[in-house]
Asks: 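I have a structure I would like to understand better, so I am pasting it below and will then ask my questions one at a time.
When a residue number appears, it is its place in the shown sequence, counting from 1. Both backbone and side-chain heavy atoms feed into the values below; hydrogens, waters and symmetry mates do not.
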Amino acid sequence: MADTHQAMTIIATAILDALKEQPPHQMGTEEAKIVAKCVVEALADAQLEIVPVQSSNE
């Protein structure tokens, strides 16, 4: 994985954004980070990776 911290931050932000309009399902920042970490670990366990897109110039 290119940068697991960055991947977890992006996933956590997406989780918080998705839930912010649904008060009964809102989640705190720390909870979102834990969920994001679990997602990244599950992807790694499945031998999948999150990698940056390479431009066609490379």
Asks: So how far is it from Leu19 CG to Met27 CE, rounded to the nearest 0.5 Å?
Replies: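 Nearest 0.5 Å value for the CG-CE distance: 5.5 Å.
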Asks: Quick one: CD1 on Ile50 to CE on Met8, what's the gap to the nearest 0.5 Å?
Replies: 9.5 Å
Asks: Measure the SG-CG distance between Cys38 and Asp45 for me, rounded to the nearest 0.5 Å.
Replies: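 Cys38 SG to Asp45 CG: 10.5 Å, rounded to 0.5 Å.
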Asks: With sequence neighbours left out, which residue pairs that include part of residues 13-32 fulfil the salt bridge (charged side-chain N to carboxylate O under 4.0 Å, His left out) condition?
Replies: Glu30-Lys33
Asks: Within this structure, what is the NE2-CD1 distance for the pair His5 and Ile10, rounded to the nearest 0.5 Å?
Replies: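 It comes to 10.0 Å.
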Asks: OG1/Thr4 to CD1/Ile11 distance, rounded to the nearest 0.5 angstrom?
Replies: 10.0 Å
Asks: Should Val40 and Ile34 be counted in the same cluster of Ile, Leu, Val, Met, Phe, Trp and Tyr side chains packed under 4.5 Å apart?
Replies: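 No: no chain of side-chain contacts under 4.5 Å links Val40 to Ile34.
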Asks: Is Gln6 atom CD crowded by more than 12 heavy atoms from other residues, nucleotides or ligands, each under 6.0 Å away?
Replies: no
Asks: Write down the atom of Ala32, the atom of Ile15, and the distance for their closest heavy-atom approach.
Replies: O-CD1, 4.1 Å
